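FYI, side chains are in, hydrogens and waters are out, and symmetry mates aren't considered; it's all heavy atoms of this structure. Computed from a prediction, not measured in an experiment: that's the story for all the values here.
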Amino acid sequence: MKTALSLVTLTALCLATPAMADETLTSAAQSSVANEQLRKEMIVLQSDPEQASEACITAMKELHDTQAKISAAEERSSSADLTVAKDVLESDYENAIEMCGPDARRLCTAQDRPAKLAQACAALKSETD
């Protein structure tokens with residue numbers, strides 16, 4: 001499960017920093033509700049990356065693949081490719097939230113969760129109520 005550890009850690013770092021070169025697109029993606037929700041889930045999952053399901057890992061990989069495609073489309077300035085990629089990115093965020101959210105919430109409801117998770121779980125819970 002070392003792949004899960006490195007992917008979740010990488011994902012959390014990528015979500016915390018701008019992942020795309022275009023300032024307008026980066027700002028929109030970084031400030032979106034979906035990105036914020038996913039960022040909170042990744043903070044929780046960072047505490048125990050082994051708890052990330054294969055579905056979550058796959059969803060995050062697809063999200064990063066789409067981000068790479070957007071960056072490539074921006075470099076080519078192909079608006080048709082970029083429009084499609086943005087639509088796919090939005091779907092990828094929704095899918096990643098759907099796949100990773102249960103893993104994060106499961107960690108937050110565990111009886112033996114570390115105290116350091118309290119703040120991250122409180123932030124995640126406030127969004128899901």
Partners of Asp87 by side-chain hydrogen bond (donor to acceptor under 3.5 Å, both in side chains), sequence neighbours excluded?
none

With Asp92, which residues qualify under side-chain hydrogen bond (donor to acceptor under 3.5 Å, both in side chains), at least two apart?
Thr66

For the residue pair [X] and [Y], what are the closest heavy atoms and their distance?
| X | Y | answer |
| --- | --- | --- |
| Gln51 | Arg106 | O-NH2, 3.0 Å |
| Val44 | Ala104 | CG1-O, 3.4 Å |
| Ile43 | Ala120 | CG2-CB, 3.6 Å |
| Ser47 | Leu107 | OG-CD1, 4.1 Å |

Atom pair [atom1] ([X]) and [atom2] ([Y]), whose distance is rounded to the nearest 0.5 Å:
| X | Y | atom1 | atom2 | value |
| --- | --- | --- | --- | --- |
| Leu38 | Tyr93 | CG | OH | 7.0 Å |
| Glu98 | Glu41 | CD | CD | 10.5 Å |
| Leu124 | Gln119 | CG | CD | 12.5 Å |
| Glu36 | Arg39 | CD | CZ | 4.0 Å |

Has Asn95 got a side-chain atom pairing as donor or acceptor with Ala59's backbone, closer than 3.5 angstrom?
no

Give the intermediate values and the outcome of salt bridge (Lys or Arg N to Asp or Glu O under 4.0 Å) for residues Asp65 and Lys69.
CA-CA 6 Å; Asp65 288 348; Lys69 288 176 186 174; over 6 Å; no

Determine, step by step, whether Cys108 and Lys125 satisfy the side chain to side chain contact (heavy atoms under 4.5 Å, CB included) criterion, reporting the C-alpha distance in whole Å, the side-chain angles of both residues, the deciding distance to 0.1 Å, and the verdict.
CA-CA 9 Å; Cys108 288; Lys125 185 174 176 10; over 6 Å; no

Restricting to side chain to side chain contact (heavy atoms under 4.5 Å, CB included), what partner residues turn up for Ala68, sequence neighbours left out?
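By the side chain to side chain contact (heavy atoms under 4.5 Å, CB included) rule, Ala68 matches no residue at all.
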
Hydrophobic cluster membership, with links at side-chain heavy-atom distances under 4.5 Å among I/L/V/M/F/W/Y: are Met99 and Leu89 in one?
no

Can you get from Met60 to Ile97 by hopping between Ile, Leu, Val, Met, Phe, Trp and Tyr side chains that sit under 4.5 Å apart?
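They do share one cluster, since a chain of ILVMFWY contacts under 4.5 Å joins Met60 to Ile97.
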
Show the numbers, then the answer: is there a side chain to side chain contact (heavy atoms under 4.5 Å, CB included) between Met42 and Cys56?
CA-CA 10 Å; Met42 291 297 104; Cys56 175; 4.1 Å; yes

